[in-house]
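In what follows, chains are A, B, ... by sequence order, proteins preceding strands, each numbered from 1. The structure displayed is predicted, hence computed values, not measured ones.
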Protein chains: 2
Amino acid sequence: MANIKDVALKAGVGIATVSRVINNSGYVKRETREKVEKVIKEIDYVPNEIARSMTLQQNNIVAFILPNSTHLFFGELLYFVEAELFEHGYKLMICNSSEQIAKEIVYLEMLKNNRVDAVILLTNNDVDSLIDKSKPVVSFDRRFEGVPFVASDNYGGGEMAAKKLLELGCKKFMFIGDDAQGDASPVITEVTNRRLGFNNYLNSIGINDVINIEYPLGDYIVSAEYVHGLLKNYSDVDGIFAISDAAAAAVIRELEHTGKRVPEDVKVIGFDGGRSFLNLGKKITSIGQSPELIAEAICSIIVSYYNKEAVEDKIIPVFFEPGDTA
Amino acid sequence: MANIKDVALKAGVGIATVSRVINNSGYVKRETREKVEKVIKEIDYVPNEIARSMTLQQNNIVAFILPNSTHLFFGELLYFVEAELFEHGYKLMICNSSEQIAKEIVYLEMLKNNRVDAVILLTNNDVDSLIDKSKPVVSFDRRFEGVPFVASDNYGGGEMAAKKLLELGCKKFMFIGDDAQGDASPVITEVTNRRLGFNNYLNSIGINDVINIEYPLGDYIVSAEYVHGLLKNYSDVDGIFAISDAAAAAVIRELEHTGKRVPEDVKVIGFDGGRSFLNLGKKITSIGQSPELIAEAICSIIVSYYNKEAVEDKIIPVFFEPGDTA
DNA sequence: GAGAAATGTGGAAACAGTTCCACATTTCTC
DNA sequence: GAGAAATGTGGAACTGTTTCCACATTTCTC
């Protein structure tokens, strides 16, 4: 493969001059530039990006650590993050951690070994001590001391769900979510704000008998049996807010299984936006997060880092997404 | 940041020795090794991967160019490709091309500029001349001269769908797909084999009045209006094979809209596997592709390339995925 | 038309590793 | 115990860029 030296030799100029032509920097006489450009075309020279990264100490690659891009919302977030970063000239490396801390560590280490310049982090694990805070890291949906943070307005979304269910005439409320992660690692995530917003709003207007259900997280797949067991004990509930659309779908399936009609008997609101690629049957009524706005916020922080500008946390508004289940 | 020279200096050895310790190569006396390892820990030294890539002329990064990772099947493929490559020590860079050739070019160029070592290509565009065939490239679902190729057994899948619909008693058949890409770029993709397998099998047993529908591709979203217009002209059809689950979903929605019952009046089989994250309502009966097996095949080719072993095309079996629509 | 400013150019250091090679020391082998 | 083989080590070249700096030439400015 041709290198910059070959170009310089063939064009009869110095290496520095070729570099200046390539990068359009410094002074180069028009004739010299043309001569060099001609040689570059002739020998099909393409600058070696590894070597450039070497001197520039920067490679414009960003890593995105997320649990599972197959999850619809995460997948869309990934899509927009890649698109947005690409616009700014950055490339995206992806890591589906499946919440395995070992895999997260490998990618977090890439900040230290210069494989990537920055990391977008989406995890429920306690990786605080593993984050190199001297490097650009942005966290979504999870706060880490000293790491800029982006999240949807989960609390506001919880309130919004409560108000909607009230408007629709519901009397007995339930929240169902996997936000408390079990005993092993009782991490309270930002997502719990959905629960808090929902409960606090209802409490604030005098409704204090809200039923709060927790179920163990299983790779974002909600077990039908489990939900079934939960629901049969609460037959008077007529308004359910689920922590995610996936949870809402499981709830709706089980309600219908036990003879309840949705939304006639029980109204269900999910969280994420109710999108489904293959939407046969009901569309879930949902509190929507905008993956596009979130991606934009995350990327603007990354870009600010690159430009050595100040960065700050961002909370992204949510919206009500109508559907067939509430 | 500490570099290898710092380690050598502090440990009182040569740079080459430190390198040998790090890479566990060549001869190093046990005491020397321990001394060096101690210093590495002390000053928290991590080898710079960019510099390593520089000398090794290899960075173990693979690019995956695909139309849209938000599409469920592609998303799963992406997931398994990343997981499989990670197992072998390779990292994945992702490019959602949205079929834009300009974006595909940027990533294809990365082979030349050494940003990535290899490319996995999933495109409908005519990029043949843009592929650097001296570098490791694997193509999925699309044949390019001189580029190893992986695909599901689309033809066999078409046959399988025909047989199933016959078994179920269907008499009048329709295929609906977006495989011919319109006049602008009449590329015949591998996916057309689904149509061929379906038609040829039916023809071979004397059924020659199969209705073949083409509709324009629109970013994998199938317009309801369009499908509606198509279906109303063929009210006697009772067995439909759709080129994808997304197309099948659109067809089913419209059939039910016009008063037909699925599967009682019309049976519909899709293609991809019938998976849906939020499966409310019917599950699509489908010819399944295995993203896991496909990812495995793709990655084994990549790994063979790295090991300088011979590579060859691979066709992956499909399977029948029962559902509620046929 | 002289001195200053702007323009133009190439050599060499720096980036941070790997590896070849020469040479030194230790351990075998008979 | 001598020669061969195995083990151990460091210097230096090499990977392909960017950029600082020194120096040369051209163009301004009064």
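For DNA chain D, no neighbouring residue in residues 105-115 of chain A is found when judged by any heavy atom under 4.0 Å. Less than 4.0 Å separates DNA chain D from no heavy atom of any residue of residues 32-44 of chain A.
By the side-chain hydrogen bond (donor to acceptor under 3.5 Å, both in side chains) test, A:K29 is found to be paired with no residue, residues two or more places apart in sequence or in another chain being considered. Not a single salt bridge (Lys or Arg N to Asp or Glu O under 4.0 Å) links A:K135 to another residue, sequence neighbours left out. Partners of B:K133 by salt bridge (Lys or Arg N to Asp or Glu O under 4.0 Å), not counting sequence neighbours, listed by chain and number: B:D128. Checked against ring-ring contact (aromatic ring centres under 6.0 Å, His included), B:Y107 has the following partners two or more places apart in sequence or in another chain: A:F86. Evaluation of the salt bridge (Lys or Arg N to Asp or Glu O under 4.0 Å) rule for B:R20 yields no partner, not counting sequence neighbours. Applying the ring-ring contact (aromatic ring centres under 6.0 Å, His included) criterion to B:F80, with sequence neighbours excluded, gives no partner residue.
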Which dot-bracket notation, 5' to 3', represents the base pairing of DNA chain D when pairs are defined as Watson-Crick or G-U with both distances under 3.5 Å, crossing pairs as [ ], and inter-strand pairs as |?
-> ||||||||||||||||||||||||||||||

Report, one pair per line, the protein and nucleotides 17-20 of chain D atoms (nitrogen or oxygen only) whose separation is under 3.5 Å.
residue : atom : partner : partner atom : Å
D:dT17  : OP1  : A:Y45   : OH           : 3.0
D:dT17  : OP1  : A:N48   : N            : 2.8
D:dT17  : OP2  : A:I4    : N            : 2.7
D:dT17  : OP2  : A:Y45   : OH           : 3.4
D:dT17  : O5'  : A:Y45   : OH           : 3.2
D:dT17  : O2   : A:T55   : OG1          : 3.4
D:dT18  : OP1  : A:N23   : OD1          : 3.2
D:dT18  : OP1  : A:N23   : ND2          : 2.8
D:dT18  : OP1  : A:R52   : NE           : 2.9
D:dT18  : OP2  : A:S19   : OG           : 2.5
D:dT18  : OP2  : A:N23   : ND2          : 3.3
D:dT18  : O4'  : A:T55   : OG1          : 3.4

Return the polar atom pairs (N/O with N/O) between nucleotides 22-26 of chain D and the protein under 3.5 Å, or none.
none

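Listed by first and then second residue, the side chain to side chain donor-acceptor pair (under 3.5 Å) pairs involving residues 291-300 of chain A are A:S300-A:K314 (not counting sequence neighbours).
Here C:dA16 presents its C1' atom at 14 Å from CG of A:N59, a figure rounded to the nearest Å.
In this structure, B:K38 pairs ionically with B:E42, as a charged nitrogen and a carboxylate oxygen lie closer than 4.0 Å.
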